[in-house]
Amino acid sequence: MRVEIWSDIACPWCYIGKARFEKGLAEFAHRDDVEVVHRSFELDPNRAKGDSGPVLEMLARKYGRTLDEARAMEAHVASNAHSEGLGYRTEGRDHGSTFDIHRLLHLAKDRSRQNELLDLAYRANFAEERSVFDPETLVALGVEAGLDEAEVRAVLADDSAYAEAVREDEREAAELGANGVPFFVLDRRYGISGGQPAEVFTQALEQAWQGRVLQPVGSEADVCGPDGSCEVPGA
């Protein structure tokens with residue numbers, strides 16, 4: 001069975017949702033027969049390369065909040081991350097175009113190192129003092145994931161490398177009706193939106209394995225929208 005996951009490195013619920021999915025998968029009896037493929041979804045596809053800025057200021061501006069209110073929003077997300085055993089910094093993170101990261105993830109997929117690079121990029125972005133919008137950081141992450149440094153640098157230097165692969169993923173997401181991430185598709189039969197609890201993923205895997213018809217699974221959960229919004233309900 002194949003599970004496809006559309007996500008973006010800039011999306012905190014994708015970071016959290018990946019951890020929850022993996023916990024749910026661990027409880028699935030046929031987990032060794034599941035192929036997981038990560039697909040591209042840019043929350044801000046019109047963001048210019050090299051244009052980055054502080055996350056807190058972006059949140060305050062986008063939602064018309066004060067910086068203190070933006071900090072409270074981040075603290076709520078951090079609490080969810082910590083409950084899954086994930087690190088999460090509420091201060092000092094930046095935000096920018098993720099196109100280059102997605103291109104490198106496609107290289108990593110071709111080299112069977114996609115999951116390793118994705119985990120490293122999430123950790124760098126949300127838990128460490130490392131900007132994933134800096135090319136040298138991306139090179140270092142690629143090497144840490146087991147990729148060849150020269151090959152990583154060649155992809156980053158050529159804006160067309162894997163560009164069509166990223167765009168094709170995004171076209172598929174639109175065709176499948178994904179209007180936010182994370183978005184999980186199980187054998188093209190079940191669609192799950194948001195960072196659902198682990199037990200919801202286990203249930204969905206079991207139902208998809210039984211070959212039932214496509215239907216949404218689980219209740220509404222936190223997602224990041226196509227406009228780049230990741231507002232915390234009620235925050």
Side-chain angles (χ1 to χ4, degrees), residues 1-41 76-89 101-102 104-106 108-128 132 141-142 144-147 169 172-173 176 178 180-224 230 232:
M1 183 167 66
R2 170 178 282 199
V3 177
E4 297 162 279
I5 306 174
W6 274 263
S7 59
D8 193 7
I9 291 297
C11 166
W13 298 115
C14 296
Y15 174 49
I16 294 166
K18 183 177 187 293
R20 290 174 176 171
F21 169 77
E22 289 172 350
K23 288 180 180 178
L25 178 62
E27 296 300 316
F28 179 52
H30 304 283
R31 57 187 172 274
D32 292 338
D33 297 310
V34 176
E35 175 193 13
V36 179
V37 177
H38 295 279
R39 300 206 178 278
S40 301
F41 190 108
H76 176 83
V77 179
S79 176
N80 277 266
H82 295 158
S83 71
E84 302 300 333
L86 300 172
Y88 195 98
R89 292 187 298 118
I101 304 170
H102 285 297
L104 280 186
L105 284 167
H106 276 279
K109 179 175 180 288
D110 282 351
R111 302 295 179 264
S112 301
R113 308 301 295 172
Q114 188 184 50
N115 193 63
E116 289 80 1
L117 179 57
L118 186 59
D119 280 342
L120 286 167
Y122 273 139
R123 188 164 69 238
N125 188 43
F126 291 107
E128 300 174 347
V132 295
L141 292 172
E144 287 174 43
L147 300 177
D169 278 356
E172 277 199 74
L176 290 168
V181 285
F183 184 64
F184 303 77
V185 176
L186 285 61
D187 256 3
R188 294 295 170 112
R189 290 198 294 269
Y190 271 72
I192 309 174
S193 180
Q196 301 281 350
E199 57 269 22
V200 172
F201 288 115
T202 304
Q203 174 196 7
L205 288 162
E206 291 169 351
Q207 292 176 345
W209 187 265
Q210 294 167 14
R212 299 179 183 178
V213 298
L214 175 65
Q215 57 181 298
V217 175
S219 58
E220 183 178 347
D222 296 307
V223 300
C224 292
C230 301
V232 178

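- Shown here is Lys23, whose NZ atom has more than 12 heavy atoms of other residues, nucleotides or ligands within 6.0 Å.
- The two atoms that bring Tyr122 and Cys14 nearest to each other are OH-CB, 3.2 Å, heavy atoms only.
- The distance from atom CG of Asn125 to atom CG of Asp8, rounded to the nearest 0.5 Å, is 9.0 Å.
- Considering CZ of Arg189 and CD of Gln210, their distance stands at 10.0 Å, rounded to 0.5 Å.
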Start with the C-alpha distance between His106 and Ser40, add both sets of side-chain angles, then the distance that settles side chain to side chain donor-acceptor pair (under 3.5 Å), and finish with yes or no. CA-CA 9 Å; His106 276 279; Ser40 301; 3.2 Å; yes
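- Here Glu22 pairs with Lys18 in a salt bridge; the nearest charged N to carboxylate O distance falls below 4.0 Å.
- Atom CG in Asp110 sits 11.5 Å away from atom CG in Leu105 (nearest 0.5 Å).
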Taking it one step at a time, do Arg20 and Asn80 satisfy side-chain contact (heavy atoms from CB on, under 4.5 Å)? CA-CA 11 Å; Arg20 290 174 176 171; Asn80 277 266; 3.2 Å; yes
side-chain contact (heavy atoms from CB on, under 4.5 Å) assessment of Leu104 paired with Leu117: CA-CA 9 Å; Leu104 280 186; Leu117 179 57; 4.0 Å; yes
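- Asn115 CG to His38 NE2: the interatomic distance, rounded to the nearest 0.5 Å, is 4.5 Å.
- Annotation for Ala124 and Val132: closest pair CB-CG1, 3.9 Å, computed over non-hydrogen atoms.
- Side-chain N or O atoms of Arg113 include one that pairs as donor or acceptor with a backbone N or O of Ala145 at under 3.5 Å.
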Step-by-step side-chain contact (heavy atoms from CB on, under 4.5 Å) determination, Trp6 to Asp169: CA-CA 8 Å; Trp6 274 263; Asp169 278 356; 4.1 Å; yes
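- Taken to the nearest 0.5 Å, the OG atom of Ser83 stands 7.0 Å off from the CD1 atom of Ile16.
- Closest heavy-atom contact between Ala204 and Ile192: CB-CD1, 3.3 Å.
- Contact record, Ala173 with Phe41: CB-CD1, 3.9 Å, taken as the closest heavy-atom pair.
- To the nearest 0.5 angstrom, Leu176 atom CG is 5.0 Å from Arg188 atom CZ.
- Side chain of Arg2 to backbone of Glu35: no donor-acceptor contact under 3.5 angstrom is found.
- The aromatic rings of Tyr15 and Phe126 lie parallel to each other, their planes meeting at an angle below 30°, with 60° marking the opposite boundary.
- Residues Pro12 and Ala10 share a closest heavy-atom pair of CD-O, 3.3 Å.
- A heavy-atom distance below 4.5 Å is found between the side chains of Leu205 and Val3.
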Verdict with supporting geometry, Trp209 and Asp187, side-chain contact (heavy atoms from CB on, under 4.5 Å): CA-CA 9 Å; Trp209 187 265; Asp187 256 3; over 6 Å; no
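- By the ring pair (Phe, Tyr, Trp, His ring centres under 6.0 Å) test, Phe183 pairs with no residue at all, sequence neighbours left out.
- The two residues Pro182 and Gly195 make their nearest non-hydrogen contact at CG-N, 3.8 Å.
- You'll find the side chain of Trp13 reaches within 4.5 Å of the side chain of Val77, heavy atoms only.
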